[in-house]
Enquirer: 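Once you've had a glance at the structure underneath, I'll fire off some questions.
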Amino acid sequence: MTQTNYSALTTTPNLVVANWKMHGNFKQNAALLGDYIEKLSSLKRTQVVVCAPYPYLAQLQNKLQSSNIAWGAQNVAKNEFGAFTGEVSAAMLRDFGCTYVIIGHSERATAYCESDDNIACKFVQAQKHGLTPILCVGETLLEREAGVMELVVGKQLDAIINLHDAAVFATAVISYEPIWAIGTGLAATPEQAKSMHLFIRNKIASLNIDAAHQLKILYGGSVNPQNALQLCAVENIDGGLIGKCSLNAEEFSAICHAAEASAV
Ligand code: PGA
């Protein structure tokens, strides 16, 4: 297996992550990745990451290893190794050249009852093995309407901070994903995103200023070519986590180029 020498956390100002979710097959992936490579090769200030289902990680490694695109998985086991049927460890992801892993996506947290503590263990495992965790946080519509979104997101961050220390965010990514915006076509407004991103940055800064500076904070939830430029231009938004539009090379490329245009 060829090992990538890609550095886990890049120093490019922006990061755009494709979350393919449970989509794709060998043939479609090959075409999509070919288009990604062609359309994204000119990016200089934006790191693109593709997170695919586990069976396709070898395909990503094979196709992307000599490109400027990094890759990762959509989940990881909270344990190091052992009798955990169906789980995939962080070390196994590294064997396939992964440098990133999505952790705590709300689609998993709700459907598979993932607790904040479980998510925190996965975060630690990822970092222990040199993967950059992309920690998803966000509130439900009910919680937003009740005005408790910062409490909710704060608690999600505390689960990590309490297990370790805010310093761990220096080599991590947080993706703010309001649950009501994921896959609904209804993105957060730039104002809503701005206020939550500032809350997240300030929370980390109050504990560890260096980590707050290095931390990338993405926005995820119905990002599309029409709203990408406006969202990426918002202060404290360092890129996006893209679901549906990442399955279309044209749309995904337009979003990545919008991130590039807003990167300073
Ligand atoms: P979406 O998904 O872009 O399809 O809304 C975003 C996400 O899963 O975070």
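Read the numbers this way: they start at 1 and go in the same order the structure lists the ligands and their atoms.
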Enquirer: Mind listing the N or O contacts between ligand 1 and protein, cut-off under 3.5 Å?
Expert:
unit_1	atom_1	unit_2	atom_2	d
ligand 1	2 (O)	Lys21	NZ	3.2
ligand 1	3 (O)	Gly243	N	2.9
ligand 1	4 (O)	Lys244	N	2.9
ligand 1	5 (O)	Gly183	N	2.6
ligand 1	5 (O)	Ser222	N	2.8
ligand 1	8 (O)	Lys21	NZ	2.8
ligand 1	8 (O)	His105	NE2	2.7
ligand 1	9 (O)	His105	NE2	3.3
ligand 1	9 (O)	Glu177	OE1	2.7
ligand 1	9 (O)	Glu177	OE2	2.9

Enquirer: Does Glu107 pair with Lys21 as a salt bridge, N-O distance under 4.0 Å?
Expert: yes
Enquirer: For Gln156 and Asp116, which I'm curious about, is there any donor-acceptor pair between the side chains at under 3.5 Å?
Expert: no
Enquirer: Using the side-chain hydrogen bond (donor to acceptor under 3.5 Å, both in side chains) rule, pick out the option among Gln192, Glu139, His197 that qualifies with Tyr176.
Expert: Glu139
Enquirer: Suppose we screen for salt bridge (charged side-chain N to carboxylate O under 4.0 Å, His left out). Which residues come up paired with Glu38, at least two apart in sequence or across chains?
Expert: none
Enquirer: Could you walk me through whether Phe169 and Phe123 pass the ring-ring contact (aromatic ring centres under 6.0 Å, His included) test, one step at a time?
Expert: CA-CA 10 Å; Phe169 286 107; Phe123 186 102; 5.6 Å; yes
Enquirer: Locate the shortest heavy-atom distance separating Leu231 from Ala193; write the atom from each residue and the value.
Expert: CD2-CB, 4.3 Å
